[in-house]
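Here is the structure we will look at.
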Amino acid sequence: MFALPALMPALPEILLGVGALVLLMVGVFRDENSTDVVTGMAVALLIVAAAVMVLLPADGVTFDGAFVMDGFARFLKVLVLIGSAVAIAMSVAYARAEKFERFEYPVLIVIATLGMMMMISASDLISVYLGLELQSLALYVVASINRDQLRSTEAGLKYFVLGALSSGMLLYGASLVYGFTGHTDFAGIRAVLTADGASIGFVFGLVFMMAGFAFKVSAVPFHMWTPDVYEGAPTPVTAFFAAAPKIAAMAVLTRTVIDAFQPALTDWQQIIAFVAIASMALGAFAAIGQTNIKRLMAYSSIGHMGYALVGLAAGTATGVQGVLIYLATYLAMTAGAFACILAMRREDGMVEEISGLSGLARNNLVMGFLLAMIMFSLAGIPPFAGFFAKYFVFVAAVEAELYWLAVIGVVTSVVGAYYYLRIVKIIFFDEPAGAFKAMPAELRVVLGLSSAFVIFFGLVSGPLSDAAQAAARSLF
């Protein structure tokens, strides 16, 4: 039996778990107008969990070593909690306009966030799988939350079928790793690999686990679900999918390869380098012909996960630091971009075609300018945040003597800049296509904060870099 002090490292997760049950009870037993109350409580719960994480640091290990709280976990959990809270806040006006206000939505987001936080702290193959499935099962439902819309139902079904396949591959790989090392805990696996090296059976297990993780970060060649699910799911759900789950999946992949598989560096480094190249290339070229803004953001996210994997492929503390800075920057850019996408609404409904942004700067100069700045940042153009994020991961690759990986990353960045700059051209130089309705207050706040981070990144780059460095060192 666990004493209360022993559970302190998992206090934020316990808060979220109990809070999710309370939210569910409030939603069930209140009248039909419980959605606003549950939504507000869910955002407050996520903020409280983040505050507990920052103000009451309790580093340590609990649940017999299966759950670890360290600087790496704290950094990424704060990002996930911010991403989830922002996603819930951005959904309010959309849900009201589309008439699918359901109290289950924020509850499912909280449950998915609990799964993500378990993934980030997982230090055992079993706890990795438990966190992954808790997140995934909630996300399958969230994708199809708008039952009255065929596209949403289709998106949820596609995500469920392919997600189940990837979970099976991950579990099969974990069983092989356990079978050939005799351990499920990361420390035990690492000790066996250090003493005996990587056997053929272990390498097979490693490949299957990498395939499962690649699906969760929507990396090539396991990206096929991303464009369809992003396009079909309700736009606030797409905004959520593009941010928090990607961060959590990248976190569990990083902890697994660094904590457990570090002695087999040459084996997993090849896999991650290949996946990074394929993701950067597909993200750069496949997005060029897209006309739907959500599909374009799907291919954009595939490319950005490829850039983050460049830092991980280095296998060093500098590389992990680059990954953490990249994920923080990616969260800000994605939140700002989707705040604008959610504001693309006219009297006859939502606009999802890129052509709908034509002449936006003439109708709404502030929104047009800020969206253009976010597009410059996504393209990696200095002096915006996206440039520095790519700089950190490319420097890590060069220091690890992966020169070819850095060169390919730079080339694909140049190709990818085309479709971001095309959106800027449409915003400023095309004939206006008609004004959008006024942007809701919560979207204005999100857009303002994310734009400030993107434009004035130099002011926060020092503290962010120091925090990422300390978090990365906690793994080594």
Side-chain angles (χ1 to χ4, degrees), residues 112 115-116 119 125 128-129 131-133 135-137 139-140 143 154-177 203-233 238 240-257 261 267-287 290 294-313 323 326-327 330 405 408 412:
M116 292 176 219
M119 287 164 59
L125 296 176
V128 166
Y129 187 71
L132 200 65
E133 285 304 289
Q135 172 212 267
S136 298
L137 290 172
L139 295 186
Y140 300 149
E154 180 187 348
L157 185 60
K158 285 179 178 176
Y159 192 27
F160 170 68
V161 171
L162 292 170
L165 174 65
S166 76
S167 294
M169 294 173 73
L170 181 73
L171 197 57
Y172 180 60
S175 69
L176 286 174
V177 170
V203 172
F204 270 100
L206 173 67
V207 170
F208 275 102
M209 286 193 69
M210 291 297 107
F213 287 135
F215 177 92
K216 299 304 177 185
V217 298
S218 63
V220 178
F222 302 98
H223 66 285
M224 66 290 290
W225 62 275
T226 315
D228 289 343
V229 172
Y230 274 38
E231 183 182 8
T238 305
F240 177 60
F241 280 5
K246 295 287 181 65
I247 293 170
M250 190 64 74
V252 71
L253 171 58
T254 303
R255 187 185 290 281
T256 303
V257 297
F261 301 156
D267 294 304
W268 60 259
Q269 190 179 49
Q270 298 173 51
I271 299 171
I272 289 181
F274 166 76
V275 168
I277 292 169
S279 300
M280 290 187 295
L282 184 107
F285 288 99
Q290 299 302 319
K294 287 161 70 176
R295 286 188 78 87
L296 183 139
M297 290 302 294
Y299 286 110
S300 171
S301 76
I302 292 168
H304 283 290
M305 289 301 104
Y307 295 118
L309 288 169
V310 170
L312 182 55
V323 172
Y326 202 99
L327 292 177
Y330 172 76
L405 191 56
I408 293 171
T412 54

* Nearest-0.5 Å distance, CD of residue Gln290 to CD of residue Glu231 -> 8.5 Å

* Asked: Which of parallel (below 30°), tilted (30 to 60°) and perpendicular (above 60°) describes Phe241 and Tyr230?
  -> tilted

* For Tyr140, all residues meeting side-chain contact (heavy atoms from CB on, under 4.5 Å), sequence neighbours excluded -> Ser136, Leu137, Tyr159, Phe160, Ser167, Lys216

* To do: List in chain and number order the residues that pass ring pair (Phe, Tyr, Trp, His ring centres under 6.0 Å) with Phe261, two or more places apart in sequence or in another chain; answer none if no residue qualifies.
  => Phe202

* Closest approach of Ala233 to Ala155 (non-hydrogen atoms, all atoms of both residues) -> N-CB, 3.7 Å

* Asked: Quick one: ring pair (Phe, Tyr, Trp, His ring centres under 6.0 Å) partners of Phe213, sequence neighbours excluded?
  -> none

* **Test item: Phe208 and Ser175 side chains (from C-beta on) under 4.5 Å apart, heavy atoms** => no

* **Any residue meeting side-chain contact (heavy atoms from CB on, under 4.5 Å) with Ala211, in chain and number order, not counting sequence neighbours** => Met169, Phe222

* Asked: Do Val220 and Ile302 have side-chain heavy atoms sitting under 4.5 Å apart?
  -> yes

* To do: Would you give the length of the straight line joining atom CG of Leu327 to atom CD1 of Ile247, rounded to the nearest 0.5 angstrom?
  => 5.5 Å

* Asked: Any sub-3.5 Å donor-acceptor pair from Trp268's side-chain atoms to Met210's backbone N or O?
  -> no

Atom pairs and distances, donor-acceptor, side-chain atoms in residues 303-310, under 3.5 Å, two or more places apart:
{"unit_1": "His304", "atom_1": "ND1", "unit_2": "Tyr326", "atom_2": "OH", "d": "2.6"}
{"unit_1": "His304", "atom_1": "NE2", "unit_2": "Tyr420", "atom_2": "OH", "d": "3.2"}
{"unit_1": "Tyr307", "atom_1": "OH", "unit_2": "Thr412", "atom_2": "OG1", "d": "3.3"}
{"unit_1": "Tyr307", "atom_1": "OH", "unit_2": "Ser413", "atom_2": "N", "d": "3.2"}
{"unit_1": "Tyr307", "atom_1": "OH", "unit_2": "Ser413", "atom_2": "OG", "d": "3.2"}

* According to the side-chain hydrogen bond (donor to acceptor under 3.5 Å, both in side chains) rule, which pairs have a member within residues 274-285, sequence neighbours left out? -> none

* Measure the spacing between OG1 of Thr256 and CG of Leu125 and express it to the nearest 0.5 Å. => 7.5 Å

* **Straight-line distance of Ile408 CD1 to Met280 CE, nearest 0.5 Å** => 6.5 Å

* **Residue list, side chain to side chain donor-acceptor pair (under 3.5 Å) with Ser218, at least two apart or on another chain** => Lys246

* Asked: How long is the gap from CG on Leu132 to CG on Leu170, to the nearest 0.5 Å?
  -> 6.0 Å

* ring pair (Phe, Tyr, Trp, His ring centres under 6.0 Å) partners for Phe285, two or more places apart -> none

* Taking all heavy atoms of Gly311 and all of Val323, pick out the closest pair and write down the distance. => C-CG2, 3.8 Å

* Would you say Ser300's side chain and Leu296's backbone share a donor-acceptor pair under 3.5 angstrom? -> no

* Asked: Between CE of Met209 and CD1 of Ile271, what distance do you get to the nearest 0.5 Å?
  -> 11.0 Å

* Is there side-chain contact between Met119 and Val128, with heavy atoms separated by less than 4.5 Å? -> no

* Structure fact -> Phe215 and Ser166 have their tightest heavy-atom pair at CD2-OG, 3.2 Å

* **Residue list, salt bridge (Lys or Arg N to Asp or Glu O under 4.0 Å) with Asp228, at least two apart or on another chain** => Lys158, Arg295

* Structure fact -> With sequence neighbours left out, the residues meeting side-chain contact (heavy atoms from CB on, under 4.5 Å) with Ala244 are Val80, Ser84, Met116, Phe240

* Asked: What's the shortest heavy-atom distance between Leu139 and Ala112, and which atoms?
  -> CD2-CB, 3.9 Å

* Asked: What pairs with Leu171 under side-chain contact (heavy atoms from CB on, under 4.5 Å), at least two apart in sequence or on another chain?
  -> Tyr129

